[in-house]
2 protein chains.
Amino acid sequence: MLEDFGTAVAVARDREIHGQDAAAESCYRLLGGCVRTVRLDEGGRRHVAEFLLPGDFFGFASAHTHDFAAQAVSDAALLRYPRRLVEALAERDGSVSRRLREMTARDLRAACFRLLALTRNSAAGRLAGLLHDMARRLPHGNQDVIDLPMGRTDIADHLGLTAETVSRTMTLLKGDGIIWFGGTTVQVRDSAALERLAGIQPGAEPEHTNSSR
Amino acid sequence: MLEDFGTAVAVARDREIHGQDAAAESCYRLLGGCVRTVRLDEGGRRHVAEFLLPGDFFGFASAHTHDFAAQAVSDAALLRYPRRLVEALAERDGSVSRRLREMTARDLRAACFRLLALTRNSAAGRLAGLLHDMARRLPHGNQDVIDLPMGRTDIADHLGLTAETVSRTMTLLKGDGIIWFGGTTVQVRDSAALERLAGIQPGAEPEHTNSSR
DNA sequence: CGTTAGCTTGACGGACTTCAACGATAGTGG
DNA sequence: CCACTATCGTTGAAGTCCGTCAAGCTAACG
(Lines give C-alpha, C1' and ligand atoms only; values in the text may rest on other atoms or scores of the structure.)
Protein backbone atom coordinates (compact mmCIF):
# COMPACT_ATOMS: atom_id res chain seq x y z
CA MET A 1 0.00 0.00 0.00
CA LEU A 2 0.80 3.68 -0.03
CA GLU A 3 1.89 3.57 3.59
CA ASP A 4 5.10 1.77 2.76
CA PHE A 5 6.50 4.27 0.25
CA GLY A 6 6.32 7.77 1.68
CA THR A 7 9.49 9.64 2.62
CA ALA A 8 9.31 11.73 5.78
CA VAL A 9 9.68 15.51 5.45
CA ALA A 10 9.73 18.22 8.09
CA VAL A 11 8.61 21.73 7.18
CA ALA A 12 9.04 24.78 9.38
CA ARG A 13 6.24 27.23 9.98
CA ASP A 14 5.46 29.54 7.03
CA ARG A 15 7.67 27.53 4.67
CA GLU A 16 6.25 26.32 1.41
CA ILE A 17 5.74 22.64 0.64
CA HIS A 18 5.00 23.31 -2.98
CA GLY A 19 4.31 26.49 -4.91
CA GLN A 20 1.23 27.64 -6.76
CA ASP A 21 1.06 26.19 -10.28
CA ALA A 22 4.12 24.06 -9.52
CA ALA A 23 4.51 20.80 -11.40
CA ALA A 24 2.65 18.13 -9.47
CA GLU A 25 5.55 15.81 -8.86
CA SER A 26 4.54 14.80 -5.35
CA CYS A 27 1.51 14.15 -3.20
CA TYR A 28 1.51 14.32 0.56
CA ARG A 29 0.06 13.12 3.79
CA LEU A 30 0.20 15.33 6.83
CA LEU A 31 1.33 13.60 10.01
CA GLY A 32 1.64 16.52 12.41
CA GLY A 33 1.01 20.26 12.45
CA CYS A 34 -1.21 22.23 10.14
CA VAL A 35 -0.95 23.09 6.44
CA ARG A 36 -2.92 25.56 4.34
CA THR A 37 -3.52 25.49 0.59
CA VAL A 38 -3.38 28.98 -0.83
CA ARG A 39 -3.85 30.75 -4.13
CA LEU A 40 -3.15 34.34 -5.10
CA ASP A 41 -5.42 35.54 -7.85
CA GLU A 42 -4.46 38.09 -10.49
CA GLY A 43 -5.78 40.90 -8.31
CA GLY A 44 -3.31 39.89 -5.62
CA ARG A 45 -6.07 38.69 -3.34
CA ARG A 46 -5.26 35.66 -1.28
CA HIS A 47 -7.56 32.71 -0.91
CA VAL A 48 -7.08 29.82 1.51
CA ALA A 49 -8.81 26.74 0.12
CA GLU A 50 -8.35 24.38 3.04
CA PHE A 51 -6.67 23.80 6.34
CA LEU A 52 -5.13 20.36 6.48
CA LEU A 53 -4.73 18.52 9.76
CA PRO A 54 -2.87 15.38 10.81
CA GLY A 55 -4.06 12.38 8.84
CA ASP A 56 -5.13 14.37 5.80
CA PHE A 57 -3.90 13.56 2.32
CA PHE A 58 -3.43 16.32 -0.23
CA GLY A 59 -2.18 16.91 -3.74
CA PHE A 60 -3.60 13.66 -5.06
CA ALA A 61 -6.30 15.25 -7.19
CA SER A 62 -3.95 17.61 -9.03
CA ALA A 63 -3.58 16.93 -12.70
CA HIS A 64 -0.44 18.38 -14.23
CA THR A 65 0.16 21.16 -11.71
CA HIS A 66 -0.94 22.03 -8.19
CA ASP A 67 -3.41 24.89 -8.58
CA PHE A 68 -2.87 25.90 -4.97
CA ALA A 69 0.34 26.34 -3.04
CA ALA A 70 0.77 24.38 0.18
CA GLN A 71 2.34 26.14 3.16
CA ALA A 72 2.98 25.12 6.73
CA VAL A 73 0.76 27.02 9.17
CA SER A 74 2.70 25.55 12.04
CA ASP A 75 5.79 23.35 12.06
CA ALA A 76 4.65 20.29 10.17
CA ALA A 77 5.68 16.70 9.60
CA LEU A 78 4.58 14.94 6.46
CA LEU A 79 5.09 12.06 4.13
CA ARG A 80 5.86 12.67 0.49
CA TYR A 81 4.85 10.30 -2.27
CA PRO A 82 6.18 10.62 -5.81
CA ARG A 83 3.24 11.01 -8.15
CA ARG A 84 4.64 8.59 -10.71
CA LEU A 85 4.70 5.96 -8.05
CA VAL A 86 1.16 6.67 -6.92
CA GLU A 87 -0.05 6.52 -10.50
CA ALA A 88 1.83 3.29 -11.12
CA LEU A 89 0.30 1.79 -7.99
CA ALA A 90 -3.16 2.84 -9.09
CA GLU A 91 -2.58 1.40 -12.53
CA ARG A 92 -1.61 -1.96 -11.06
CA ASP A 93 -3.94 -2.18 -8.11
CA GLY A 94 -7.65 -1.60 -8.60
CA SER A 95 -8.27 -1.02 -4.91
CA VAL A 96 -5.74 1.81 -4.82
CA SER A 97 -7.37 3.36 -7.84
CA ARG A 98 -10.77 3.10 -6.19
CA ARG A 99 -9.53 4.64 -2.97
CA LEU A 100 -8.01 7.54 -4.86
CA ARG A 101 -11.29 8.09 -6.61
CA GLU A 102 -13.19 7.99 -3.32
CA MET A 103 -10.75 10.47 -1.82
CA THR A 104 -11.26 12.90 -4.69
CA ALA A 105 -15.03 12.45 -4.46
CA ARG A 106 -14.92 13.26 -0.74
CA ASP A 107 -12.95 16.41 -1.44
CA LEU A 108 -15.44 17.39 -4.12
CA ARG A 109 -18.33 16.85 -1.73
CA ALA A 110 -16.60 18.94 0.92
CA ALA A 111 -15.92 21.72 -1.60
CA CYS A 112 -19.58 21.79 -2.64
CA PHE A 113 -20.78 22.10 0.94
CA ARG A 114 -18.20 24.78 1.64
CA LEU A 115 -19.59 26.60 -1.39
CA LEU A 116 -23.04 26.43 0.19
CA ALA A 117 -21.77 27.75 3.50
CA LEU A 118 -19.70 30.58 2.06
CA THR A 119 -22.32 31.93 -0.31
CA ARG A 120 -25.30 31.60 2.00
CA ASN A 121 -24.08 32.21 5.53
CA SER A 122 -23.26 35.44 7.31
CA ALA A 123 -19.87 36.08 8.85
CA ALA A 124 -21.02 34.52 12.12
CA GLY A 125 -22.35 31.45 10.31
CA ARG A 126 -19.13 30.93 8.38
CA LEU A 127 -16.97 31.35 11.43
CA ALA A 128 -19.21 29.04 13.43
CA GLY A 129 -18.83 26.42 10.72
CA LEU A 130 -15.06 26.67 10.75
CA LEU A 131 -14.82 26.53 14.53
CA HIS A 132 -17.15 23.57 14.68
CA ASP A 133 -15.13 21.84 11.99
CA MET A 134 -11.86 22.52 13.75
CA ALA A 135 -13.21 21.37 17.10
CA ARG A 136 -14.21 18.12 15.45
CA ARG A 137 -11.05 17.55 13.43
CA LEU A 138 -8.26 18.91 15.60
CA PRO A 139 -6.56 16.45 17.91
CA HIS A 140 -7.84 17.69 21.26
CA GLY A 141 -7.60 16.48 24.79
CA ASN A 142 -10.91 15.37 26.20
CA GLN A 143 -12.63 18.73 26.43
CA ASP A 144 -13.92 21.23 23.92
CA VAL A 145 -10.74 23.22 24.17
CA ILE A 146 -8.75 23.52 20.95
CA ASP A 147 -5.62 25.33 19.93
CA LEU A 148 -6.23 27.22 16.71
CA PRO A 149 -2.98 27.07 14.76
CA MET A 150 -3.87 29.69 12.14
CA GLY A 151 -4.08 33.46 12.43
CA ARG A 152 -7.03 35.76 11.81
CA THR A 153 -5.85 36.61 8.32
CA ASP A 154 -5.71 32.94 7.35
CA ILE A 155 -9.22 32.43 8.67
CA ALA A 156 -10.44 35.54 6.87
CA ASP A 157 -8.94 34.46 3.55
CA HIS A 158 -10.51 31.06 4.02
CA LEU A 159 -14.00 32.38 4.76
CA GLY A 160 -14.03 35.21 2.25
CA LEU A 161 -13.96 37.87 4.96
CA THR A 162 -11.47 40.37 6.36
CA ALA A 163 -9.35 39.90 9.45
CA GLU A 164 -11.26 42.74 11.11
CA THR A 165 -14.60 41.04 10.57
CA VAL A 166 -13.23 37.75 11.86
CA SER A 167 -11.96 39.49 14.97
CA ARG A 168 -15.22 41.32 15.56
CA THR A 169 -17.29 38.18 15.02
CA MET A 170 -15.11 36.17 17.38
CA THR A 171 -15.68 38.68 20.15
CA LEU A 172 -19.40 38.63 19.37
CA LEU A 173 -19.52 34.86 19.77
CA LYS A 174 -17.53 35.23 22.96
CA GLY A 175 -19.95 37.86 24.27
CA ASP A 176 -22.84 35.50 23.59
CA GLY A 177 -21.12 32.80 25.61
CA ILE A 178 -20.96 30.47 22.62
CA ILE A 179 -17.18 30.32 22.66
CA TRP A 180 -14.36 31.56 24.79
CA PHE A 181 -10.88 32.36 23.62
CA GLY A 182 -7.60 33.88 24.64
CA GLY A 183 -4.34 33.68 22.74
CA THR A 184 -4.57 30.78 20.32
CA THR A 185 -6.81 28.78 22.65
CA VAL A 186 -10.49 28.47 21.83
CA GLN A 187 -13.13 26.75 23.89
CA VAL A 188 -16.46 25.74 22.40
CA ARG A 189 -18.99 26.34 25.16
CA ASP A 190 -22.21 25.85 23.20
CA SER A 191 -21.68 23.43 20.37
CA ALA A 192 -25.38 23.31 19.53
CA ALA A 193 -25.51 27.08 19.04
CA LEU A 194 -22.45 26.84 16.83
CA GLU A 195 -24.14 24.23 14.66
CA ARG A 196 -27.30 26.28 14.52
CA LEU A 197 -25.37 29.33 13.35
CA ALA A 198 -23.48 27.30 10.77
CA GLY A 199 -26.73 25.88 9.42
CA ILE A 200 -26.03 22.30 10.29
CA GLN A 201 -28.75 19.99 11.51
CA PRO A 202 -27.61 18.02 14.59
CA GLY A 203 -26.03 14.92 13.11
CA ALA A 204 -25.16 15.89 9.55
CA GLU A 205 -22.22 16.61 7.24
CA PRO A 206 -19.50 14.34 8.59
CA GLU A 207 -16.02 13.73 7.20
CA HIS A 208 -15.41 17.05 5.51
CA THR A 209 -11.92 16.20 4.45
CA ASN A 210 -9.69 13.59 3.01
CA SER A 211 -8.73 12.17 6.34
CA SER A 212 -7.10 8.95 7.29
CA ARG A 213 -8.91 5.67 7.76
CA MET B 1 -16.81 1.63 -22.96
CA LEU B 2 -19.53 3.57 -21.22
CA GLU B 3 -20.94 4.75 -24.48
CA ASP B 4 -22.45 1.36 -25.26
CA PHE B 5 -24.54 0.93 -22.12
CA GLY B 6 -26.62 4.04 -21.48
CA THR B 7 -30.39 4.02 -21.85
CA ALA B 8 -31.95 7.12 -23.36
CA VAL B 9 -34.28 9.21 -21.21
CA ALA B 10 -36.29 12.33 -22.01
CA VAL B 11 -37.16 14.75 -19.23
CA ALA B 12 -39.57 17.66 -19.53
CA ARG B 13 -38.76 21.12 -18.29
CA ASP B 14 -38.87 21.51 -14.49
CA ARG B 15 -39.15 17.76 -13.92
CA GLU B 16 -36.75 16.06 -11.59
CA ILE B 17 -34.17 13.55 -12.78
CA HIS B 18 -33.30 12.49 -9.28
CA GLY B 19 -34.15 13.94 -5.87
CA GLN B 20 -31.92 15.44 -3.21
CA ASP B 21 -30.38 12.76 -1.00
CA ALA B 22 -31.84 10.09 -3.25
CA ALA B 23 -30.04 6.76 -3.45
CA ALA B 24 -27.38 7.05 -6.14
CA GLU B 25 -28.59 4.25 -8.37
CA SER B 26 -27.82 5.98 -11.63
CA CYS B 27 -25.35 8.34 -13.25
CA TYR B 28 -26.11 10.41 -16.31
CA ARG B 29 -24.83 12.11 -19.38
CA LEU B 30 -26.69 15.05 -20.80
CA LEU B 31 -27.21 14.96 -24.56
CA GLY B 32 -29.50 17.94 -25.11
CA GLY B 33 -31.07 20.75 -23.11
CA CYS B 34 -29.93 22.05 -19.73
CA VAL B 35 -29.96 20.54 -16.25
CA ARG B 36 -29.34 22.16 -12.88
CA THR B 37 -28.17 20.48 -9.68
CA VAL B 38 -29.95 21.95 -6.68
CA ARG B 39 -29.95 21.64 -2.93
CA LEU B 40 -32.34 23.09 -0.36
CA ASP B 41 -30.68 23.69 2.97
CA GLU B 42 -32.40 23.46 6.32
CA GLY B 43 -33.26 27.16 6.19
CA GLY B 44 -35.19 26.55 3.00
CA ARG B 45 -32.66 28.46 0.96
CA ARG B 46 -32.02 27.12 -2.51
CA HIS B 47 -28.58 26.65 -3.96
CA VAL B 48 -27.80 25.76 -7.57
CA ALA B 49 -24.47 23.99 -7.71
CA GLU B 50 -24.04 23.72 -11.47
CA PHE B 51 -25.68 24.12 -14.82
CA LEU B 52 -25.07 21.08 -16.98
CA LEU B 53 -24.95 21.38 -20.74
CA PRO B 54 -24.91 18.85 -23.57
CA GLY B 55 -21.94 16.53 -23.30
CA ASP B 56 -21.65 16.84 -19.53
CA PHE B 57 -21.58 13.83 -17.25
CA PHE B 58 -23.05 14.03 -13.76
CA GLY B 59 -23.78 11.92 -10.72
CA PHE B 60 -20.59 9.88 -11.09
CA ALA B 61 -18.90 11.27 -7.99
CA SER B 62 -21.78 10.56 -5.64
CA ALA B 63 -21.09 7.99 -2.99
CA HIS B 64 -24.18 6.42 -1.52
CA THR B 65 -26.64 9.25 -2.26
CA HIS B 66 -26.84 12.23 -4.57
CA ASP B 67 -26.32 15.26 -2.35
CA PHE B 68 -27.95 17.50 -4.93
CA ALA B 69 -31.16 17.01 -6.85
CA ALA B 70 -30.99 17.19 -10.65
CA GLN B 71 -33.76 19.01 -12.49
CA ALA B 72 -34.35 19.83 -16.12
CA VAL B 73 -34.02 23.58 -16.77
CA SER B 74 -35.28 23.03 -20.29
CA ASP B 75 -36.58 19.90 -21.96
CA ALA B 76 -33.64 17.56 -21.80
CA ALA B 77 -32.41 14.36 -23.37
CA LEU B 78 -29.98 12.19 -21.46
CA LEU B 79 -28.40 8.80 -21.10
CA ARG B 80 -28.73 6.93 -17.85
CA TYR B 81 -26.12 4.47 -16.61
CA PRO B 82 -26.77 2.11 -13.71
CA ARG B 83 -24.20 2.77 -11.03
CA ARG B 84 -23.54 -0.91 -10.34
CA LEU B 85 -22.60 -1.30 -13.97
CA VAL B 86 -20.30 1.72 -13.92
CA GLU B 87 -18.62 0.43 -10.78
CA ALA B 88 -18.27 -3.03 -12.26
CA LEU B 89 -16.72 -1.55 -15.38
CA ALA B 90 -14.28 0.49 -13.29
CA GLU B 91 -13.38 -2.55 -11.25
CA ARG B 92 -12.57 -4.53 -14.37
CA ASP B 93 -11.02 -1.86 -16.52
CA GLY B 94 -8.27 0.32 -15.10
CA SER B 95 -8.64 2.93 -17.81
CA VAL B 96 -12.32 3.45 -16.92
CA SER B 97 -11.38 3.86 -13.30
CA ARG B 98 -8.73 6.40 -14.23
CA ARG B 99 -11.11 8.36 -16.40
CA LEU B 100 -13.67 8.48 -13.61
CA ARG B 101 -11.02 9.77 -11.27
CA GLU B 102 -9.95 12.42 -13.76
CA MET B 103 -13.55 13.47 -14.19
CA THR B 104 -14.02 13.89 -10.45
CA ALA B 105 -10.74 15.77 -10.19
CA ARG B 106 -11.89 18.15 -12.94
CA ASP B 107 -15.11 18.77 -11.05
CA LEU B 108 -13.16 19.41 -7.88
CA ARG B 109 -10.92 21.88 -9.64
CA ALA B 110 -13.93 23.66 -11.08
CA ALA B 111 -15.58 23.79 -7.65
CA CYS B 112 -12.44 25.32 -6.12
CA PHE B 113 -12.27 28.03 -8.74
CA ARG B 114 -15.97 28.73 -8.38
CA LEU B 115 -15.31 29.10 -4.68
CA LEU B 116 -12.67 31.72 -5.48
CA ALA B 117 -15.01 33.60 -7.78
CA LEU B 118 -18.03 33.55 -5.47
CA THR B 119 -16.22 34.65 -2.33
CA ARG B 120 -14.02 37.27 -3.92
CA ASN B 121 -15.95 38.83 -6.79
CA SER B 122 -18.72 41.41 -6.75
CA ALA B 123 -22.11 40.73 -8.26
CA ALA B 124 -20.89 42.06 -11.61
CA GLY B 125 -17.81 39.85 -11.48
CA ARG B 126 -19.79 36.73 -10.69
CA LEU B 127 -22.34 37.39 -13.37
CA ALA B 128 -19.61 38.16 -15.88
CA GLY B 129 -17.98 34.84 -15.06
CA LEU B 130 -21.19 32.93 -15.58
CA LEU B 131 -22.00 34.66 -18.86
CA HIS B 132 -18.48 34.11 -20.12
CA ASP B 133 -18.70 30.48 -19.13
CA MET B 134 -22.06 30.00 -20.80
CA ALA B 135 -20.91 31.75 -23.98
CA ARG B 136 -18.01 29.32 -24.11
CA ARG B 137 -19.90 26.16 -23.26
CA LEU B 138 -23.32 26.61 -24.83
CA PRO B 139 -23.76 25.29 -28.33
CA HIS B 140 -24.02 28.54 -30.25
CA GLY B 141 -24.20 29.48 -33.89
CA ASN B 142 -21.16 31.34 -35.09
CA GLN B 143 -21.63 34.59 -33.23
CA ASP B 144 -21.50 35.62 -29.62
CA VAL B 145 -25.25 35.26 -29.32
CA ILE B 146 -26.44 32.68 -26.82
CA ASP B 147 -29.82 31.60 -25.55
CA LEU B 148 -29.77 31.48 -21.76
CA PRO B 149 -31.99 28.57 -20.79
CA MET B 150 -32.24 29.42 -17.06
CA GLY B 151 -34.18 32.16 -15.32
CA ARG B 152 -32.95 34.96 -13.08
CA THR B 153 -33.74 33.04 -9.91
CA ASP B 154 -31.67 30.07 -11.05
CA ILE B 155 -28.77 32.38 -11.83
CA ALA B 156 -29.15 34.13 -8.48
CA ASP B 157 -29.21 30.87 -6.54
CA HIS B 158 -26.12 29.78 -8.45
CA LEU B 159 -24.16 32.95 -7.77
CA GLY B 160 -25.25 33.50 -4.19
CA LEU B 161 -27.23 36.63 -5.07
CA THR B 162 -30.88 37.60 -5.33
CA ALA B 163 -32.90 37.70 -8.53
CA GLU B 164 -33.21 41.47 -8.14
CA THR B 165 -29.46 41.94 -8.00
CA VAL B 166 -28.98 39.73 -11.03
CA SER B 167 -31.54 41.75 -12.94
CA ARG B 168 -30.00 45.06 -11.91
CA THR B 169 -26.50 43.90 -12.75
CA MET B 170 -27.58 42.59 -16.14
CA THR B 171 -29.01 45.99 -17.05
CA LEU B 172 -25.80 47.59 -15.79
CA LEU B 173 -23.70 45.42 -18.08
CA LYS B 174 -26.10 46.20 -20.89
CA GLY B 175 -25.80 49.92 -20.20
CA ASP B 176 -22.03 49.66 -20.40
CA GLY B 177 -22.31 47.98 -23.79
CA ILE B 178 -20.62 44.83 -22.53
CA ILE B 179 -23.63 42.67 -23.27
CA TRP B 180 -26.99 43.02 -24.89
CA PHE B 181 -30.08 41.01 -24.08
CA GLY B 182 -33.78 40.70 -24.69
CA GLY B 183 -35.96 37.77 -23.76
CA THR B 184 -33.73 34.77 -23.23
CA THR B 185 -31.21 35.92 -25.82
CA VAL B 186 -27.90 37.33 -24.68
CA GLN B 187 -25.17 38.74 -26.85
CA VAL B 188 -21.65 39.15 -25.56
CA ARG B 189 -20.40 42.38 -27.13
CA ASP B 190 -17.16 42.82 -25.20
CA SER B 191 -15.75 39.46 -24.20
CA ALA B 192 -12.51 41.00 -22.93
CA ALA B 193 -14.38 43.28 -20.54
CA LEU B 194 -16.36 40.27 -19.33
CA GLU B 195 -13.15 38.39 -18.59
CA ARG B 196 -11.68 41.39 -16.84
CA LEU B 197 -14.71 41.72 -14.61
CA ALA B 198 -14.68 38.01 -13.84
CA GLY B 199 -10.99 38.20 -12.92
CA ILE B 200 -9.74 35.91 -15.64
CA GLN B 201 -6.48 36.54 -17.40
CA PRO B 202 -6.87 36.19 -21.19
CA GLY B 203 -6.19 32.51 -21.79
CA ALA B 204 -6.75 30.87 -18.43
CA GLU B 205 -9.11 28.50 -16.59
CA PRO B 206 -10.33 26.25 -19.36
CA GLU B 207 -12.62 23.18 -19.11
CA HIS B 208 -14.64 24.15 -16.11
CA THR B 209 -16.86 21.10 -16.23
CA ASN B 210 -16.98 17.40 -16.78
CA SER B 211 -17.59 17.74 -20.47
CA SER B 212 -17.36 15.27 -23.28
CA ARG B 213 -14.20 14.47 -25.18
C1' DC C 1 13.81 48.89 26.08
C1' DG C 2 12.38 49.43 21.50
C1' DT C 3 10.37 47.39 17.45
C1' DT C 4 7.42 44.65 14.93
C1' DA C 5 3.59 41.79 13.85
C1' DG C 6 -0.83 40.36 14.98
C1' DC C 7 -5.30 41.29 17.26
C1' DT C 8 -8.83 44.48 18.52
C1' DT C 9 -11.95 48.36 18.26
C1' DG C 10 -14.12 52.49 16.15
C1' DA C 11 -16.21 55.32 12.37
C1' DC C 12 -17.76 55.60 7.87
C1' DG C 13 -19.19 54.26 3.30
C1' DG C 14 -20.71 51.04 -0.15
C1' DA C 15 -22.76 46.91 -1.99
C1' DC C 16 -26.21 43.87 -1.65
C1' DT C 17 -30.74 42.36 0.46
C1' DT C 18 -35.35 43.09 1.51
C1' DC C 19 -39.82 44.74 0.69
C1' DA C 20 -42.79 46.58 -2.57
C1' DA C 21 -44.89 47.84 -6.80
C1' DC C 22 -45.23 47.67 -11.68
C1' DG C 23 -44.94 45.83 -16.50
C1' DA C 24 -44.62 42.20 -19.87
C1' DT C 25 -45.52 37.71 -21.48
C1' DA C 26 -47.77 33.40 -21.87
C1' DG C 27 -51.14 30.14 -20.85
C1' DT C 28 -56.23 29.22 -19.68
C1' DG C 29 -60.97 29.11 -19.98
C1' DG C 30 -65.17 31.43 -21.10
C1' DC D 1 -61.12 36.33 -29.50
C1' DC D 2 -60.67 38.27 -25.25
C1' DA D 3 -60.32 38.91 -20.33
C1' DC D 4 -58.06 36.70 -16.45
C1' DT D 5 -54.34 35.05 -14.00
C1' DA D 6 -49.82 33.48 -12.94
C1' DT D 7 -45.09 33.91 -13.56
C1' DC D 8 -41.09 36.31 -14.50
C1' DG D 9 -38.35 40.36 -15.08
C1' DT D 10 -37.55 45.08 -13.87
C1' DT D 11 -37.24 49.17 -11.01
C1' DG D 12 -37.42 51.91 -6.68
C1' DA D 13 -36.57 52.96 -1.64
C1' DA D 14 -34.87 51.75 2.76
C1' DG D 15 -32.08 48.97 5.72
C1' DT D 16 -28.17 45.89 7.01
C1' DC D 17 -23.95 43.72 6.87
C1' DC D 18 -19.43 43.86 5.84
C1' DG D 19 -15.21 46.26 3.84
C1' DT D 20 -12.05 50.01 4.29
C1' DC D 21 -9.31 53.18 6.73
C1' DA D 22 -7.36 54.35 10.95
C1' DA D 23 -5.72 54.06 15.53
C1' DG D 24 -4.52 51.66 19.76
C1' DC D 25 -3.22 47.48 22.21
C1' DT D 26 -0.67 43.34 23.44
C1' DA D 27 2.94 40.04 23.19
C1' DA D 28 7.13 38.26 21.37
C1' DC D 29 11.67 39.06 20.03
C1' DG D 30 16.05 41.18 19.46
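Per chain, numbering begins at 1; letters A, B, ... match sequence-line order.
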Residues in side-chain contact (heavy atoms from CB on, under 4.5 Å) contact with B:Leu172, at least two apart in sequence or another chain: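 side-chain contact (heavy atoms from CB on, under 4.5 Å) list for B:Leu172, sorted by chain: empty.
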Partner residues of B:Asn121 under the side-chain contact (heavy atoms from CB on, under 4.5 Å) criterion, sequence neighbours left out: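 Expected list: A:Arg45, B:Ala117, B:Arg126.
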Return the angle between end axes of the helix from C:dC1-D:dG30 to C:dG30-D:dC1, with five pairs used per end and rounding to 10°.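 Answer rounded to 10°: the end axes differ by 30°.
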Do the side chains of B:Leu100 and B:Val86 get nearer than 4.5 Å, heavy atoms only?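 They are in contact (side-chain heavy atoms under 4.5 Å apart), so the answer is yes.
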Would you indicate whether the side-chain heavy atoms of A:Ile155 and A:Leu148 approach each other to under 4.5 Å?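 SC-SC contact between A:Leu148 and A:Ile155 confirmed.
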Within residues 168-180 of chain A or reaching into it, pairs that qualify as salt bridge (charged side-chain N to carboxylate O under 4.0 Å, His left out) - sequence neighbours excluded: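 Those involving residues 168-180 of chain A do not exist here.
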Anything under 4.0 Å to a heavy atom of chain A counts; send over the first and last such nucleotide of DNA chain C, read 5' to 3'.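 Contact boundaries, 5' end first: C:dC7 to C:dA11.
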Using atom [atom1] of [X] as one end and atom [atom2] of [N] as the other, report the distance to the nearest whole Å.
{"X": "B:Leu127", "N": "D:dG9", "atom1": "CG", "atom2": "P", "value": "13 Å"}
{"X": "A:Leu159", "N": "D:dC17", "atom1": "CG", "atom2": "C1'", "value": "16 Å"}
{"X": "B:Ile155", "N": "D:dT10", "atom1": "CD1", "atom2": "C1'", "value": "14 Å"}

Reading 5' to 3' through nucleotides 18-30 of chain D, protein heavy-atom contacts under 4.0 Å coded B for base, S for sugar-phosphate only, - for none: SSBB---------
According to side chain to side chain donor-acceptor pair (under 3.5 Å), who are the partners of B:Thr184, at least two apart in sequence or on a separate chain?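 Partners of B:Thr184 under the side chain to side chain donor-acceptor pair (under 3.5 Å) test: B:Asp147.
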Could you work out, with side chain to side chain donor-acceptor pair (under 3.5 Å) as the rule, every residue matching B:Glu102, not counting sequence neighbours?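 For B:Glu102 there are no side chain to side chain donor-acceptor pair (under 3.5 Å) partners, ignoring immediate neighbours.
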Using a heavy-atom distance cut-off of less than 4.0 Å, which residues of residues 176-189 of chain B contact DNA chain C?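 The answer is none.
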Would you list the pairs meeting side chain to side chain donor-acceptor pair (under 3.5 Å) in which at least one residue belongs to residues 17-26 of chain B, sequence neighbours left out?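 Non-adjacent pairs meeting side chain to side chain donor-acceptor pair (under 3.5 Å): B:Asp21-B:Arg39.
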What residues form a salt bridge (Lys or Arg N to Asp or Glu O under 4.0 Å) with B:Arg36, not counting sequence neighbours?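 B:Arg36 satisfies salt bridge (Lys or Arg N to Asp or Glu O under 4.0 Å) with B:Asp14, B:Asp154 only.
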Partners meeting salt bridge (Lys or Arg N to Asp or Glu O under 4.0 Å) with B:Arg83 (sequence neighbours left out):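 By the salt bridge (Lys or Arg N to Asp or Glu O under 4.0 Å) rule, B:Arg83 matches B:Glu87.
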Answer yes when A:Asp67 and B:Arg109 have at least one side-chain N-carboxylate O distance shorter than 4.0 Å, and no when they do not.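 Yes, this pair counts.
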Any chance the rings of A:Phe58 and A:Tyr28 have centres within less than 6.0 Å?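 So the answer is yes for these two rings.
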